[in-house]
Amino acid sequence: ADALKSLQNNTIDCLVGVNLMREGIDLPQVSLVAIMSADNQGFLRSETALIQMVGRAARNINGNAIFYADKITPAMRSCLDETDRRRARQLEYNERNKLSPKSA
């Protein structure tokens, strides 16, 4: 908990954790999610898990997610496709309602 508060208070700039970003932690300050061994197939690299982890960076206007992998797995492809679909829908909504994105 202290580490998360330090991140929120800008005392530290980086927090590294195994499975940290998947546990429902809401940190709008997160601007980068790096997924190591993203091409390892399994529960923590399923389509749903990847979408959840990538979504942690989506709350930040400058958010990015990086998959470190040697190949694109079907789960990664599905995640990328879903991210593109959501982004297009959000951009269309923003334009239609004259909204400018801001970080949470």
With sequence neighbours left out, which residue pairs that include part of residues 78-87 fulfil the side chain to side chain donor-acceptor pair (under 3.5 Å) condition?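 Those involving residues 78-87 are R77-D81, E82-R85, E82-R86, D84-R87.
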Do [X] and [Y] have side-chain heavy atoms sitting under 4.5 Å apart?
| X | Y | answer |
| --- | --- | --- |
| P101 | N94 | yes |
| D39 | F67 | no |
| R45 | I35 | yes |
| L99 | Y93 | yes |

Of all heavy-atom pairs linking A57 and N64, the shortest is CB-O, 3.5 Å
Distance, nearest 0.5 Å, that separates [atom1] of [X] from [atom2] of [Y]:
| X | Y | atom1 | atom2 | value |
| --- | --- | --- | --- | --- |
| M36 | I66 | CE | CD1 | 9.5 Å |
| C79 | Q52 | SG | CD | 10.5 Å |
| L80 | L50 | CG | CG | 8.5 Å |
| E47 | M76 | CD | CE | 12.5 Å |
| S37 | D70 | OG | CG | 8.5 Å |
| I51 | S46 | CD1 | OG | 8.5 Å |

Polar side-chain atom of N9 near backbone of T11 as donor-acceptor pair, under 3.5 Å: no
Identify, with sequence neighbours excluded, every residue that meets salt bridge (Lys or Arg N to Asp or Glu O under 4.0 Å) alongside E92.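 Per chain and number, E92 pairs via salt bridge (Lys or Arg N to Asp or Glu O under 4.0 Å) with R96.
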So if you build clusters from Ile, Leu, Val, Met, Phe, Trp, Tyr with side-chain heavy-atom gaps below 4.5 Å, do Y68 and L44 land together? no
